[in-house]
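The basis for the numbers below is simple: all heavy atoms, side chains too, and nothing from hydrogens, waters or symmetry mates.
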Amino acid sequence: MTTTESGSPAPVSGTFPVTDEEIAARVKALESLLIDKGVTSELAVDKIAEMYEREVGPHLGAAVVARAWTDPEFKQRLLDDATEACREMGIGGMQGEDMVVIENTGDVHNAIVCTLCSCYPWPTLGLPPNWYKAPAYRARMVKEPRTVLREEFGVDLPEQTEIRIWDTSAEVRYWVLPQRPPGTEDMTEEQLRELVSRDSMIGVGLVAAPA
Amino acid sequence: MTTTESGSPAPVSGTFPVTDEEIAARVKALESLLIDKGVTSELAVDKIAEMYEREVGPHLGAAVVARAWTDPEFKQRLLDDATEACREMGIGGMQGEDMVVIENTGDVHNAIVCTLCSCYPWPTLGLPPNWYKAPAYRARMVKEPRTVLREEFGVDLPEQTEIRIWDTSAEVRYWVLPQRPPGTEDMTEEQLRELVSRDSMIGVGLVAAPA
Amino acid sequence: MNGVHDLGGMEGLGAVDPPAQEPVFYNDWERRTFAMFIPFVLSGANLDMFRHGIERLHPVQYLTGRYYEHWLHTFESNLVAKGVISEEELEQRTQHYLEHPDEAMPDGGDADQAEHYLKIYEAGASTRRETSNETPAFGVGDRVRVKNIHPSGHTRCARYVRGKEGVVTEVYDAFVFPDTNSKEQGEDPARVYNVEFDSTELWGSGNAERHKVLFDLWEPYLEAA
Amino acid sequence: MNGVHDLGGMEGLGAVDPPAQEPVFYNDWERRTFAMFIPFVLSGANLDMFRHGIERLHPVQYLTGRYYEHWLHTFESNLVAKGVISEEELEQRTQHYLEHPDEAMPDGGDADQAEHYLKIYEAGASTRRETSNETPAFGVGDRVRVKNIHPSGHTRCARYVRGKEGVVTEVYDAFVFPDTNSKEQGEDPARVYNVEFDSTELWGSGNAERHKVLFDLWEPYLEAA
């Protein structure tokens with residue numbers, strides 16, 4: 001217990017959130033110490049950050065989905081062993097060492113969450129959005145997913161659709177193969193990629209038919 | 001989600017704790033509105049606050065304990081129906097409508113907690129101390145009471161003593177009849193009262209023998 | 001609700017750190033807030049609404065808030081919800097007292113009202129009720145299991161006892177049922193049982209300590225084990 | 001530990017409120033912090049220590065902290081605990097950069113090192129391991145119960161599944177066991193099972209929604225139902 005100005009005891013000392021200035025300075029302090037130890041550098045920081053800013057992102061997962069939609073044999077390989085199937089396309093790496101892809105159908109809707117932290121398949125979806133890592137989604141998605149999907153993401157599923165929520169609690173990284181929308185029969189794999197959103201591979205969005 | 005100055009999303013908006021100035025102003029605002037509605041007044045506020053500042057407090061519970069130590073029949077009545085036994089001494093009221101007193105012995109040590117809020121027997125112990133109402137005590141006392149008693153209150157119980165923690169989850173208000181220390185055989189009821197601490201009636205203290 | 005207030009067994013909250021001494025109230029606003037409970041109830045609220053208003057605070061406000069700050073917020077939110085006061089007048093007055101922090105409250109008061117309030121404190125306000133259900137469902141010594149329920153509203157069935165088995169040690173009378181009373185859906189009095197749980201049942205056999213926890217439970221929370 | 005990070009089923013945390021768009025990193029310090037993970041691991045830490053360092057944050061710091069602020073704090077606390085850096089030099093440098101917020105980092109860098117780090121991201125760092133326990137304790141379709149354990153250290157056995165029964169849907173290989181690895185007590189690889197839980201088992205039959213939750217559990221967390 002600490003006390004506030006008026007004397008009333010407060011259960012926690014300090015002011016929250018911590019200021020941006022302090023966070024920024026602490027980050028530089030730590031990085032500079034690690035540079036001194038020879039385990040990082042400005043160059044390494046830039047290269048790593050740029051990798052996830054420019055190269056790795058949900059366009060990779062979208063490419064996998066588009067191929068699965070257009071190549072039944074690839075789709076089967078993807079559902080059998082997603083890690084291996086993605087590797088065929090040169091996709092893989094950190095936080096995707098053991099991936100499993102789960103298929104949405106007319107009867108079953110899947111979505112992913114990590115209630116304990118923020119596990120997510122980086123190689124195909126990129127780094128997770130902040131709402132995925134924040135408390136509200138993590139808390140609610142395992143108890144009231146239908147409400148979360150409807151109220152927060154505008155996905156209003158039919159009552160008879162079974163909802164399956166994959167809580168990524170170990171080192172397997174799940175992600176969703178969304179349903180191919182009707183009216184896309186004539187589209188090429190390249191065109192289909194453009195339709196596939198990050199949210200549809202998390203399971204909080206559907207792939208809309210082209211307008 | 002809100003954003004901080006540097007743009008990073010923060011899960012909660014606002015700054016915590018709220019300032020003392022704001023709390024004090026909000027309290028006056030609400031009280032003044034209730035005065036306007038005719039349901040309170042400065043006089044009522046003072047009378048009520050003074051009742052718990054000057055009249056109701058752990059000296060009342062101590063008087064009950066001292067009597068139980070010196071009057072075996074009263075003690076039996078106290079253990080049978082604490083509310084009724086306290087009423088004999090003119091003690092009772094809000095948050096003590098249904099009291100139960102539990103006896104500490106050489107074999108069994110009892111203590112009270114309210115994990116869900118801050119329930120406490122006001123008529124005999126007064127208003128609860130802040131640590132009783134704060135998260136740490138409430139969280140830990142039902143899972144590791146022996147450690148809490150030893151580390152936080154200096155009460156190091158023998159390994160063979162059974163610990164019984166009463167989580168005051170409904171409207172019964174429990175409190176503890178502590179053990180009478182040795183060496184007090186010649187003391188009067190009035191003298192004994194002075195020995196009985198609030199903590200010993202919560203169960204986080206023992207009554208020490210007079211020096 | 002599965003809220004942050006439901007603290008039994010939580011870790012990471014730090015030390016208890018009890019001070020040697022402390023005043024009953026630390027300052028003027030704590031005194032004033034404490035004294036608003038009866039006016040609050042007389043404005044049409046009840047104890048369970050009071051508690052649930054605190055539980056509905058954002059977890060950060062709950063964990064950083066001073067104790068009587070919780071009371072202030074539940075008074076505010078309940079009285080606004082009941083239409084006794086409006087957000088707007090509350091904000092206006094708050095702004096006024098922020099600008100005039102030393103301005104006294106309207107003076108005076110009704111001595112009879114003050115006396116009446118003191119008498120309420122002295123008499124208490126028991127929530128014990130006669131019950132039509134004369135035969136208790138469980139008796140002393142019965143093994144019972146707490147139902148696995150997760151109500152979104154107010155409940156006194158803490159998470160850490162849900163699904164757990166214990167033994168009835170005491171059968172009490174009926175008391176107002178918090179889950180319905182907090183929603184103004186009626187007092188629905190139900191019997192209360194004191195149930196003894198072994199710490200191994202609650203926290204597993206690997207828990208570092210062994211003890212008993214006694215927990216009072218309304219009959220609707222329980223089933224035969 | 002029974003910490004605030006263990007969020008499944010908690011209420012009162014507000015809306016998800018997803019923005020239409022957001023950048024990968026919002027600012028310079030988020031970028032820098034993200035890029036410190038490999039240097040952190042190469043300084044002798046591991047993924048489970050990383051996670052547990054975040055879990056040990058005070059609940060208020062956890063709930064008010066920006067996401068990469070959690071990373072910063074677990075880097076700091078683990079590296080100080082390991083003696084890689086000291087509190088003092090961290091505070092001194094922080095003070096320095098508070099006074100000189102625009103000062104650049106030491107320039108340059110080792111191109112080979114940067115390349116090496118990128119290759120780690122590309123290759124991944126699987127925690128899947130060979131196991132000597134060739135016969136899985138459970139098979140697909142088996143009913144299992146999650147043990148009622150409350151370890152004080154790091155665990156991936158969330159509170160909301162403890163004591164609950166489900167059906168094994170998949171038997172995976174062995175993976176590094178977080179409970180021991182987080183304490184540097186060995187990798188102790190153990191098999192992981194995907195277990196399907198009905199929402200009524202987790203949240204009671206009164207839950208407003210009905211669905212399935214699939215949860216991965218290491219063998220030591222499970223017993224036959």
Contacting moiety of [X], where chain B heavy atoms sit under 4.5 Å:
X: C/E91; result: side chain
X: C/E122; result: both
X: C/E11; result: side chain
X: C/Q92; result: neither

*Against chain C, work out which of B/E22, B/E21, B/K37 has the most heavy-atom pairs shorter than 4.5 Å and name it.*
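Of the candidates given, the most pairs with chain C belong to B/K37.
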Check: [X]/[Y] side-chain N/O donor and acceptor closer than 3.5 Å:
X: C/R93; Y: B/S32; value: yes
X: C/Y160; Y: B/D167; value: yes
X: C/S126; Y: B/D98; value: yes

*asked:* Does any backbone or side-chain atom of B/E53 lie under 4.5 Å from a heavy atom of chain C? Answer side chain, backbone, both or neither.
replied: both
*Do B/Y52 and C/F25 have their ring centres less than 6.0 Å from each other?*
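No, too far apart.
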Would you find a donor on one side and an acceptor on the other, under 3.5 Å apart, between the side chain of [X] and the backbone of [Y]?
X: B/S169; Y: C/D216; result: yes
X: B/E162; Y: C/R210; result: no
X: C/W203; Y: B/V142; result: yes

*Take B/Y174 and C/N194 through the test side chain to side chain donor-acceptor pair (under 3.5 Å) and record every step on the way to the result.*
CA-CA 11 Å; B/Y174 299 94; C/N194 183 259; 3.3 Å; yes
*asked:* Run C/F197 and B/W166 through ring pair (Phe, Tyr, Trp, His ring centres under 6.0 Å) and show every step you take.
replied: CA-CA 10 Å; C/F197 297 92; B/W166 299 74; over 10 Å; no
*asked:* For a side-chain contact (heavy atoms from CB on, under 4.5 Å) check, start with the C-alpha distance between C/Y172 and B/V100, then their side-chain angles and the critical distance, and finish with the verdict.
replied: CA-CA 11 Å; C/Y172 292 116; B/V100 168; 3.8 Å; yes
*Apply salt bridge (charged side-chain N to carboxylate O under 4.0 Å, His left out) to the pair C/E115 and B/K47, showing each step before the final yes or no.*
CA-CA 8 Å; C/E115 251 344 281; B/K47 290 281 185 196; 5.2 Å; no
